[in-house]
Amino acid sequence: NLCAVDTAAPFECTGFDTTARAEGLYDLQAIVEDNAGLITTSAATTIRIDRTVPSAATLINPGASLQGSVTLSGTATDAASGIQSWTAQYRLTGTTPWLDACTDTTVTGPSSYSCAWATTPVADGVYELRAVGVDVAGNQTAATTQTNKRVDNVVPTVALTDPGTPLTGTVTLDATASDGGGIASVAFERSPAGAGTWTNICTDYSAPYTCSFPTTGVADASYDLRAVASDNAARTASSVVASRWIENVGPFGVDVQTTSGGAIVGRTDAGDTISLTYSEPIAPASVLAGWDGTATAMRVYLSQAGNNDRMDFRDAAGTTRLNLVLSATDLTLARNYVTGAVVLNGTMVLNGNTITVTFGTVVSGAPSLATATGTGALTWRPSASAQDMFGKASTTTQVTEGGTADADF
């Protein structure tokens, strides 16, 4: 069949209508005639007319969460001109245009194709995927669209709200977290301050992320708190609030100890000390108004009580009792140190959990000083007016001197 006659270069045929012909193989040739009427016929070229789309295209499910380089694979078949390319495509859920993820033009098995999709340039989010098979004639078939595919290359963000300090009773912990691929969970954890040994408090799997922390279940101490967010790709990020004190139990006496630093062993004289140790630091101003814990002058009062004399403490003027002993008779010395009332100058200092009183010169009652013999265990009942750094009052449980029995003063 004649397509066309062209008498001027470039020689071409523009009237070959493939839509008017049945699909199949055709031979084409060109006949050239010169001005002398001589004719030459070109070799035949076989072409295929193909208006039928590929019979099938598939995309194997790559999973729900995708990150990094993802291998996408599938199949495409065409019974006519054959498959020219298999292309995986993606689009953000709810949008229209499809974008090419990657393309394979070489069949790797029976109608099988695969390619690598670099997801890191793609914004984290939920996407749809499909594959498109294109035959040699340019006809194409799309695979069934796969939905709810999360691209997740960015670690989540998380922020733990500072719950303040001290913490007491049941405390609600709050955190915010976000991730382009979705947050799977936020875990709330605690550790002794600075230790880095984390214990789970609770885990929340949906926003708003909160946790009920019963602080009575742990010892009073300083703790680090953190929130750990995990996204749907198992990536994690954490946010720490450091050094939050848990305070459910008031301070209490732990020990009472003495040293003999004076001239006479067994007598309360200048250079001797007595140390009162609490379970936690005591606010110095709760012991003596205006005291900051540094060395300050005060007075030591001794009273006779048979073989179990008593000790008490007042300010430097001797007018106000210090909040160290519950009453003037609640620091017992277990032996006979005085025959009457004795007052000594003194200096007290706070160091950590311990208040140490160092005895000075005698103010009054020097003739009543006696030298005790033997050993005995002191007892001390703390004042309820002494408070910790958070304003919680001391318990008044009696404390007995620990360690090896000695001459004390």
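None of these values were measured; they are calculated from a predicted model. Values below: every heavy atom of this structure, side chains too, minus hydrogens, waters and symmetry copies.
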When rounded to the nearest 0.5 angstrom, what distance separates CZ in R91 from OH in Y127? 13.0 Å
To the nearest 0.5 angstrom, please state how far the CG atom of L324 sits from the CG atom of D312. 8.5 Å
Any side-chain donor-acceptor pair under 3.5 Å between D174 and T210? no
Run the numbers on V132 and Q89 for side chain to side chain contact (heavy atoms under 4.5 Å, CB included), then give the verdict. CA-CA 8 Å; V132 176; Q89 296 182 324; 3.3 Å; yes
Determine whether the side chains of T347 and T358 contain a donor N or O and an acceptor N or O closer than 3.5 Å. no
Can you check whether L72 reaches Y90 side chain to side chain, under 4.5 Å on heavy atoms? no
D388 vs D220, test: side chain to side chain contact (heavy atoms under 4.5 Å, CB included). Steps then yes/no. CA-CA 12 Å; D388 65 16; D220 284 9; over 6 Å; no
Applying side-chain hydrogen bond (donor to acceptor under 3.5 Å, both in side chains), run through D406 and T375 and close with a yes or a no. CA-CA 5 Å; D406 55 22; T375 61; over 6 Å; no
Heavy-atom side-chain contact between P54 and N139 under 4.5 Å: yes
Looking at side-chain heavy atoms only, is the closest gap between L59 and W86 below 4.5 Å? yes
Okay, side chain of N336, backbone of A372: is any donor-acceptor separation there less than 3.5 Å? no
Hey, could you give me the CD/CZ distance between Q146 and R130, rounded to the nearest 0.5 Å? 12.5 Å
Report yes or no: do K149 and N61 form a side-chain donor-acceptor pair below 3.5 Å? yes
Only one of I355, V300, L331 passes side chain to side chain contact (heavy atoms under 4.5 Å, CB included) with I274; say which it is. L331
With no hydrogens and no angle check, just 3.5 Å: does a side-chain donor-acceptor pair link N351 and T354? no
Could you give all pairs that pass the salt bridge (Lys or Arg N to Asp or Glu O under 4.0 Å) test and reach residues 269-280, with sequence neighbours left out? none
Going by salt bridge (charged side-chain N to carboxylate O under 4.0 Å, His left out), name the residues that satisfy it together with E247, two or more places apart in sequence or in a different chain. none
Is a side-chain N or O of Q257 found less than 3.5 angstrom from the main chain of E401, in a donor-acceptor match? no
Salt-bridge criterion met for D408 and R335 (N-O under 4.0 Å): yes
Whether the side chain of S55 engages the backbone of T77 through a donor-acceptor N/O pair (distance < 3.5 Å, no angle test) should be reported. yes
Interatomic distance, CG@L225 vs CH2@W198, rounded to 0.5 Å, equals 7.0 Å
When you compare the side chain of M311 with that of L378, does any pair of heavy atoms fall below 4.5 Å? no
Without hydrogens or angle criteria, can the side chains of D100 and T103 be said to hold a donor-acceptor pair below 3.5 Å? no
How about F213 and F188: are their ring centroids closer than 6.0 Å? no
Which atom names give the shortest non-hydrogen contact between A187 and T203, and what distance separates them? CB-OG1, 3.7 Å
Just by distance, do the side chain of D50 and the backbone of S81 share a donor-acceptor pair under 3.5 Å? yes
Taking the side chain as C-beta and beyond, is there a heavy-atom pair between V218 and T199 under 4.5 Å? no
Determine whether a donor-acceptor pair (N or O, by modelled atom type, separation under 3.5 Å) exists between the side chain of S191 and the backbone of D224. no
Parallel, tilted or perpendicular: rings of W380 and Y278 (30°, 60°): perpendicular
What verdict does the side chain to side chain contact (heavy atoms under 4.5 Å, CB included) test give for N345 and R299, after you've listed the backbone C-alpha separation in whole Å, the side-chain angles of each residue and the deciding distance to 0.1 Å? CA-CA 5 Å; N345 284 314; R299 288 187 178 181; 3.9 Å; yes
Under a 3.5 Å threshold, yes or no: a donor from one side chain and an acceptor from the other, between S114 and D104? no
Is a side-chain N or O of N308 found less than 3.5 angstrom from the main chain of A305, in a donor-acceptor match? no
Are any of the side-chain heavy atoms of M298 and L322 separated by less than 4.5 Å? yes
Do D179 and D152 touch side chain to side chain, with heavy atoms closer than 4.5 Å? yes
In Å and rounded to the nearest 0.5 Å, what is the OG to CZ distance from S383 to R321? 7.0 Å
Starting at OG1 of T379, measure out to CZ of R310 and round the result to the nearest 0.5 Å. 7.5 Å
Stepwise side-chain hydrogen bond (donor to acceptor under 3.5 Å, both in side chains) test for R150 and S65: CA-CA 5 Å; R150 292 185 180 274; S65 183; over 6 Å; no
Could you walk me through whether R244 and Y223 pass side chain to side chain contact (heavy atoms under 4.5 Å, CB included), step by step? CA-CA 5 Å; R244 292 299 174 262; Y223 291 85; 5.7 Å; no
Hey, does the side chain of N323 reach the backbone of A384 with a donor-acceptor pair shorter than 3.5 angstrom? no
Determine yes or no for a side-chain-to-main-chain donor-acceptor pair under 3.5 angstrom, with D6 supplying the side chain and E12 the backbone. yes
Please examine the side chains of L99 and V122, heavy atoms only from C-beta on, and report whether any two atoms are closer than 4.5 Å. no
Does CZ in F11 sit with more than 12 non-hydrogen atoms of other residues, nucleotides or ligands closer than 6.0 Å? yes
